[in-house]
K.L.:
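Okay, here's the structure, questions in a sec.
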2 protein chains.
Amino acid sequence: MATIRDVARISGYSISTVSRTINQSGYVSKTAQLQINRVIHQLDYVPNAIARDLSTGKTHKIGAILPHIRDPYFSKILNGIMDAAFANNYSVILLPSEYDEAQEMHYLEQLKRKEYDGLIVTSHGIPLERLEKYNQYGPIVCCEDTGAKQLNAVFSDRESAYTTAFNWLKQKQIKRIAFLFSRRAGVSATSSITLKTFAQVYGDLPPDNLVITGVSTPAEGYFAAKTLNKQATDLQYIFGNGDDIISGVRQYYVDHQLPLPGLIGQGHQISGVAIGIPTIDPHFYTIGGQALQLVLEPTDGVRKIKVHSDFIINNKIDLTPNTFIK
Amino acid sequence: MATIRDVARISGYSISTVSRTINQSGYVSKTAQLQINRVIHQLDYVPNAIARDLSTGKTHKIGAILPHIRDPYFSKILNGIMDAAFANNYSVILLPSEYDEAQEMHYLEQLKRKEYDGLIVTSHGIPLERLEKYNQYGPIVCCEDTGAKQLNAVFSDRESAYTTAFNWLKQKQIKRIAFLFSRRAGVSATSSITLKTFAQVYGDLPPDNLVITGVSTPAEGYFAAKTLNKQATDLQYIFGNGDDIISGVRQYYVDHQLPLPGLIGQGHQISGVAIGIPTIDPHFYTIGGQALQLVLEPTDGVRKIKVHSDFIINNKIDLTPNTFIK
DNA sequence: TTGAAAGCGGTACCAA
DNA sequence: TTGGTACCGCTTTCAA
């Protein structure tokens, strides 16, 4: 592989002149350019990216920590990040964590090592305090409400959509509502907000036997339905943590020819449209895009950006091409 | 940010000794280790990844070219790549192309510039010949049958599943079958194989008005259904290029209260399970994993790996947790 | 067991 | 317009 030194030597010009030619910066005579470009072509030379990165101190890469991409939630957010990165001439590195703290720490260390120029944390297992500490080593953006913490955030304003949804249920005289969460309220911000909003509308938290945690796949939804069917009588609605998951729930009732309770999904995914259930659309694609924008921004202080979310009652296929991208 | 030089200076040892301590290579006395580690800790020092990459000539990153990740096809394959990369201590860089040739060329150039150690091409717009040329600059693996080309490949053996599916249809006396493709047969390998296999079983290609191309979203599926319903009478089955897309097709018939033709999907996605249609499962997750394995392998010659695919008639939710990951 | 020094392949300042 | 050269921060060989 030819280097800039080879080009310089063979063309008879100096390294500096070659560098200037490559980067089209500073003064280079037409003749020099011609000569140098000829040699570059002849040697099939291209500058080495790593060397350039080292010299400039930038990698033009942003790391995206996500538990996994099995869930459309993360696919959508990632898609938002990716498109925005692309538009800004950055590329994104996938950093799967499975919520493992050690793994997440590893990625934070990599930020410190300048493996990437910034970090987007879509979801995490480690406490926010830890993230906060690593902010000094490079820009970090979280995709959740970081509250009083000194951490950039882009997150969905779910309260409004949840409030709308719960009021809609209340108006329909619905009382017995079950909840599905992936992680329990202490750990997951989403779970806490859901329950808090519910309590605001209904005046009280749901009973323990109507809150199921540890559900994050359709199959787990299926089993959650089994549990609910056993322990909860008169169940009227199930508020799920994803349309796909609710599909699993529904399957259980269908398989056992049981009367189907009302279902509400989240994520505005295809599966929800297929079975025509109401859903919460938190606009993950937008969140991802904003997060990337923020991580690239010169960080004078901390910024928190709230993204609007919707409760979609009449959930039918959107005929605008490419809508499900987002 | 402290450098290895700072550590050397302050600890009183040489750079080499510090380096050896960090990498636990070569001989370092216990005392030296202790001293040096103390200084490392005190300075909050971590080695710079870019400098290390430059020195070793490796980035520990693999680029994954994909048109987009809206389609579960690419999510699954990406998931396979990602998990395998993780297991091998590599990370993956997302390289979205939208099938744009210029963009794909750009990524190939980046490979040449050593931006990553290897490249996985899940799908592409540029001709294989082009890819072949760039093989010299770093390992490239394609996720399709590369035929006689000198290009590593990991791909799905779809013929067998397609043959099974078409025989199943034939046995049911089904004659009028429509096809949905994202790109036309000349461009897309999948389309060609589908039609070829169909012809083998049925003895003839489907009539032109039963082949719809340019369909790659549920919304486009919806419109395709509209077209089919107009121009194709007696339609018995629709063979779609994705479960999600077929969901869009189904929606059209449901919306207009038309008799639903038989539907066959592809990808083994949740949406297909939700509406209980037969589907082709090409095991994309496995393909992604194998592709990564291959790109890391010391490349003595070219390898082609075929991954088995299934025709799933009784498509119900798989109750093994996490199955839809794959 | 340790250290000097030559890379790795660029960038960019400053002098000519 | 051009070139010399000091970085960027680490690895690795070889001699001491």
K.L.:
Kindly state which residues belonging to residues 32-62 of chain B come within less than 4.0 angstrom of DNA chain C, counting heavy atoms of the residue only, listed by number.
P.N.:
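Going residue by residue through residues 32-62 of chain B, the ones with a heavy atom under 4.0 Å of DNA chain C turn out to be B:Ala32, B:Leu54, B:Ser55.
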
K.L.:
Determine: side-chain N/O of B:Thr17 to OP1/OP2 of C:dG3, distance under 4.0 Å, yes or no.
P.N.:
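Looking at the OP1 and OP2 atoms of C:dG3, one of them is under 4.0 Å from a side-chain N or O of B:Thr17.
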
K.L.:
Taking the side chain of A:Ser16 as heavy atoms from C-beta outward, which of C:dC13, C:dG9, D:dC10 is closest to it?
P.N.:
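So the side chain of A:Ser16 is nearest to C:dC13.
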
K.L.:
Starting from the 5' end of DNA chain D, give me the residue, A:Ile15 or A:Thr31, whose nearest nucleotide shows up first.
P.N.:
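Comparing both residues, the 5'-ward one is A:Thr31.
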
K.L.:
Rounded to the Å, how far apart are B:Asp6 CG and D:dG9 C1'?
P.N.:
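In whole Å, D:dG9 C1' and B:Asp6 CG are 10 Å from each other.
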
K.L.:
Measure from CZ on A:Arg9 to P on C:dG9 and round the result to the nearest Å.
P.N.:
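To the nearest whole Å, that distance equals 13 Å.
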
K.L.:
Does any residue of residues 19-30 of chain B have a heavy atom under 4.0 Å from DNA chain C, and if so, which ones, in number order?
P.N.:
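Residues of residues 19-30 of chain B under 4.0 Å from DNA chain C: B:Arg20, B:Tyr27, B:Val28, B:Ser29.
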
K.L.:
Any carboxylate oxygen within less than 4.0 angstrom of a Lys/Arg side-chain nitrogen, looking at B:Lys61 and A:Glu115?
P.N.:
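Salt bridge flag = yes for A:Glu115 with B:Lys61.
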
K.L.:
For the residue pair B:His124 and B:Glu101, confirm or rule out a side-chain donor-acceptor distance under 3.5 Å.
P.N.:
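Not at all, the side chains of B:His124 and B:Glu101 share no donor-acceptor pair under 3.5 Å.
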
K.L.:
Whole angstrom is fine here: how far is it from CE in A:Met1 over to P in C:dG9?
P.N.:
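A:Met1 atom CE is separated from C:dG9 atom P by 10 Å.
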
K.L.:
Go through the side-chain N and O atoms of B:Tyr13 and B:Gln35 and say whether any donor and acceptor fall under 3.5 Å apart.
P.N.:
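No, no side-chain donor-acceptor pair sits under 3.5 Å.
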
K.L.:
Distance check needed: D:dT11 C1' versus A:Arg113 CZ, whole Å only.
P.N.:
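Rounded to the whole Å, the gap is 15 Å.
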
K.L.:
Would you kindly say whether A:Glu109 and A:Tyr134 are connected by a side-chain donor-acceptor distance under 3.5 Å?
P.N.:
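Yes, a side-chain donor-acceptor pair sits under 3.5 Å.
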
K.L.:
Does a side-chain N-to-carboxylate-O contact under 4.0 Å join B:Lys114 and B:Asp53?
P.N.:
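Looking at B:Asp53 together with B:Lys114, the answer is no, because their closest N to O distance does not fall below 4.0 Å.
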
K.L.:
Whole Å only: how far is the CD1 atom of A:Ile4 from the C1' atom of D:dT2?
P.N.:
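After rounding, the reported distance stands at 14 Å.
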
K.L.:
Consider only side-chain N and O atoms of A:Ser19 and A:Ser16, and report whether a donor and an acceptor are under 3.5 Å apart.
P.N.:
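Side-chain D/A pair, A:Ser19 to A:Ser16: absent.
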
K.L.:
Considering only NZ, NE, NH1 and NH2 on the basic side and carboxylate oxygens on the acidic side, decide whether B:Glu297 and B:Arg303 come within less than 4.0 Å.
P.N.:
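Yes, charged N to carboxylate O under 4.0 Å.
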
K.L.:
Could you point out which residue of A:Ile36, A:Asn37, A:Leu43 forms a side-chain contact (heavy atoms from CB on, under 4.5 Å) with A:Val39?
P.N.:
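Passing option: A:Leu43.
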
K.L.:
Check the side chains of B:Lys58 and B:Tyr90 for a donor-acceptor pair under 3.5 angstrom, ignoring hydrogens and angles.
P.N.:
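Result is yes, a qualifying pair exists.
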
